[in-house]
Amino acid sequence: MAGNITACEFWKRPAEAPTVLDNDVPALLVAATGDPRTPYTGAEAVHEQWPNSRLLTVSGAGSTACTASTAPP
């Protein structure tokens, strides 16, 4: 079953147009500074366009910002 799962690095680009943010729904954005596939500058751009958002930055983490521990052992 898991044989057809690939890393997001190999996913095709989306076919749909970019989402337009036109509301003030509160949002928490989580971004890692070390993720090579989703650059941190993209999170900053979304944060600037989304008036009621907060940007939580995980310094140095890669694509596992939400699951990896950055605490020292």
Side-chain angles (χ1 to χ4, degrees):
M1 174 147 171
N4 64 348
I5 297 174
T6 59
C8 57
E9 179 178 345
F10 302 104
W11 293 353
K12 294 179 182 176
R13 296 191 63 78
E16 69 273 1
T19 301
V20 176
L21 301 174
D22 63 352
N23 61 51
D24 61 352
V25 174
L28 175 62
L29 308 172
V30 180
T33 59
D35 188 344
R37 186 66 176 159
T38 54
Y40 183 74
T41 54
E44 290 177 313
V46 170
H47 176 57
E48 288 176 13
Q49 295 176 25
W50 202 326
N52 207 14
S53 68
R54 299 294 180 262
L55 178 58
L56 175 64
T57 302
V58 182
S59 297
S63 60
T64 56
C66 292
T67 60
S69 172
T70 56

Q: Quick one: list whatever passes side-chain contact (heavy atoms from CB on, under 4.5 Å) with Ala45, sequence neighbours left out.
A: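 If we apply the side-chain contact (heavy atoms from CB on, under 4.5 Å) test to Ala45, skipping adjacent residues, there are no hits.
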Q) With Leu55, which residues qualify under side-chain contact (heavy atoms from CB on, under 4.5 Å), at least two apart? A)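 Only Leu29, Ala31, Tyr40, Ala43, Glu44, His47, Thr57 meet the side-chain contact (heavy atoms from CB on, under 4.5 Å) criterion with Leu55.
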Q) Hey, does Val58 have a side-chain heavy atom less than 4.5 Å from the side chain of Val30? A)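 They are in contact (side-chain heavy atoms under 4.5 Å apart), so the answer is yes.
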Q. Sub-3.5 Å donor-acceptor pair from the side chain of Trp50 to the main-chain atoms of Val25, do we have one?
A.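 Here the side-chain-to-backbone pair exists.
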Q | Closest contact, heavy atoms only, Asn52 versus Asp24 | A |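 Closest approach of Asn52 to Asp24: ND2-O, 3.1 Å.
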